[in-house]
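First up is the structure itself, then whatever we jot down about it.
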Amino acid sequence: MCGRARCSLGREQVLAAAGVGEDRWRDYEKFLPKYNLGPGSRTPIVRRDKKGDAELQTMTWGLVPSWTKKEDKLDFFRMFNARSETVPEKTVFSRLLGSKRCVVLLNGFFEWAQEHKTKQPYYIHFDGDRVMRMAGLYDSWQDAEGNWLTTYTILTTDSSKRLQWLHDRMPVILPDAQAEEAWLQDGVLDSKEYAALCAPYDGDDLQWYPVTTAMSKPDFQGPECCKPLKRQSIANFFKPKKAAQGVIHQLVHDY
DNA sequence: CCAGACGTTGTT
DNA sequence: GTCTGG
DNA sequence: CCAGACGTTGTT
DNA sequence: GTCTGG
């Protein structure tokens, strides 16, 4: 599952990741890089225009369908994920699958492991901080004043073998340029191709480490959200401070 | 025909 | 908008 | 997703 | 436990 993420990419990084110039980023001024964001936040999204050319648009995470009533209170948390397995059957998502596919650009995302009575957050990212691309669907809604709001949802799939210890669901991560092209390309997706694109990403360049529990608060910002947590062993904890200072704290990434 | 819903996750 | 239920 | 609140009455 | 707010 995927309900919290990092998108602290600079403007140039976003443009480079999308492969477009600055004139091809709609609402770029509405994107503010954040280390800790959730539904309701705005991030850069890649999609194709009518000609089939790549285009960026800052959109809000959390799908608000176009038919949402003007008087309804917006809820960005209701549809921030879509189960890829059932998207073709669900009316709310299937209507977007043919022509409203998009790619979400992120540094990585967070998952919480239930450890005894506490929840330990983990930051999941690509080796070398390679930009992460997730498969998404978007829609536009118009408020009573006529202002347009464009929102998106992130597709989820079963967790990969490597990530299963942490959660049973994970976002649909597009592994390479070819997959991104297939997801964004105009027209209806063949169901086999769709299933292949939604397969759990299991490459060993996907890595993770525990981070401070302070970032569990949605409003906690700052780079500490994504810094490896230094967890001392019990043995080191009882050693004199001076001795402990020299210890290189080992991070347990795998189980 | 009209009315009403339209979602995911985790946890027990 | 579009599908399901009555 | 996690965090935090979760209530009524009468009076000003 | 369950709902609301971010």
Side-chain angles (χ1 to χ4, degrees), chain A residues 1-8 30 32 34-43 59-101 104 106-125 132 134-143 148-160 163-173 188 198 200 208 210-222 224-226 229:
Chain A
M1 150 84 194
C2 183
R4 207 78 76 78
R6 170 189 181 185
C7 188
S8 61
K30 290 181 180 168
L32 298 173
K34 289 173 89 175
Y35 289 99
N36 185 12
L37 61 88
S41 291
R42 296 157 173 169
T43 72
M59 299 186 193
T60 304
W61 186 7
L63 192 82
V64 175
S66 58
W67 40 259
T68 301
K69 296 185 187 81
K70 309 253 186 249
E71 66 271 20
D72 277 1
K73 197 187 165 199
L74 298 183
D75 186 355
F76 299 113
F77 291 81
R78 202 154 67 144
M79 289 178 260
F80 62 87
N81 283 157
R83 288 180 67 89
S84 61
E85 299 92 328
T86 55
V87 156
E89 309 156 10
K90 303 283 182 181
T91 61
V92 66
F93 298 133
S94 65
R95 54 187 286 276
L96 306 172
L97 190 54
S99 59
K100 299 285 179 69
R101 298 190 297 271
V104 185
L106 299 168
N107 300 82
F109 63 102
F110 299 95
E111 294 282 13
W112 280 259
Q114 188 73 49
E115 294 184 356
H116 304 101
K117 287 187 175 178
T118 60
K119 281 178 178 173
Q120 176 59 54
Y122 285 77
Y123 174 57
I124 300 114
H125 62 103
M132 194 177 285
M134 295 182 187
L137 297 170
Y138 70 94
D139 204 357
S140 292
W141 171 82
Q142 205 172 17
D143 70 14
W148 286 99
L149 174 73
T150 307
T151 59
Y152 67 89
T153 187
I154 295 174
L155 271 64
T156 62
T157 187
D158 276 331
S159 264
S160 64
L163 264 177
Q164 232 142 32
W165 67 274
L166 183 56
H167 260 286
D168 61 341
R169 304 289 295 170
M170 71 184 286
V172 171
I173 297 170
V188 176
C198 293
W208 52 85
V211 293
T212 175
T213 53
M215 64 73 55
S216 293
K217 277 183 195 255
D219 56 5
F220 184 90
Q221 296 299 323
E224 309 94 287
C225 292
C226 310
L229 184 71

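Every chain is numbered from 1 and lettered A, B, ... according to where its sequence line falls, protein lines coming before strand lines. Since this is a predicted model, take the numbers as computed values, not measurements. Heavy atoms only: backbone and side chains are in, while hydrogens, waters and symmetry mates are out.
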For E/dG6 and B/dA5, measure between their P atoms and round to the nearest Å.
-> 26 Å

Integer angstrom distance from the P of B/dT8 to that of D/dA3 = 24 Å

D/dG4 phosphate, OP1 or OP2: any side-chain N/O from A/K217 under 4.0 angstrom?
-> yes

Protein-nucleotide distance (A/W61, atom CH2; E/dG5, atom P), rounded to Å = 20 Å

Determine yes or no for a side-chain-to-main-chain donor-acceptor pair under 3.5 angstrom, with A/N81 supplying the side chain and A/L155 the backbone.
-> no

Whether A/W112 and A/F110 hold their rings parallel, tilted or perpendicular, with breakpoints at 30° and 60° | tilted

Could you check how far NZ of A/K69 sits from P of C/dG1, rounded to whole Å?
-> 13 Å

Using a heavy-atom cut-off of under 4.0 Å over every strand shown, decide if A/T156 touches base, sugar-phosphate, or nothing.
-> sugar-phosphate

Scan residues 74-94 of chain A against DNA chain E and write down, sorted by residue number, each residue with any heavy atom closer than 4.0 Å; if none is found, say none.
-> A/F77

Paired stretches of DNA chain D - 3 or more consecutive Watson-Crick or G-U pairs, each distance under 3.5 Å | D:1-6 with E:1-6

When you compare E/dC3 with B/dT9, how far apart are their C1' atoms, in angstrom units rounded to a whole number?
-> 16 Å

Atom CD1 of A/I154 to atom P of B/dT9: distance rounded to whole Å?
-> 12 Å

Rounding to a whole Å, what distance do you find between A/Q114:CD and B/dT9:C1'?
-> 14 Å

Would you check if there is a donor-acceptor pair between the side chains of A/S159 and A/R169 at a distance under 3.5 Å?
-> no

Rounding to a whole Å, what distance do you find between A/F110:CZ and D/dA3:C1'?
-> 16 Å

Would one find a side-chain N or O of A/R169 under 4.0 angstrom from OP1 or OP2 of B/dT9?
-> yes

Under 3.5 Å: donor-acceptor pair, side chain of A/R4, backbone of A/M215 = yes

Shortest non-hydrogen contact from A/Y35 toward A/R6 | O-CB, 3.5 Å

Exercise: do A/R95 and A/S66 side chains pair donor with acceptor under 3.5 Å = yes

Whole Å only: how far is the CG atom of A/L137 from the P atom of B/dT8?
-> 11 Å

At what distance, to the nearest 0.5 angstrom, does OG1 of A/T68 lie from CG of A/L74?
-> 7.5 Å

Tell me: CD of A/Q120 to C1' of B/dG10, nearest whole Å?
-> 18 Å

Does the side chain of A/H167 get closer than 4.0 angstrom to OP1 or OP2 of B/dG10 through an N or O atom?
-> yes

In whole Å, what is the span from the CG atom of A/D72 to the P atom of B/dC6?
-> 13 Å

Does atom NZ of A/K69 have more than 12 heavy-atom neighbours from other groups under 6.0 Å away?
-> no

Check: A/W148 side chain, A/S140 main-chain N or O, donor-acceptor pair, under 3.5 Å | no

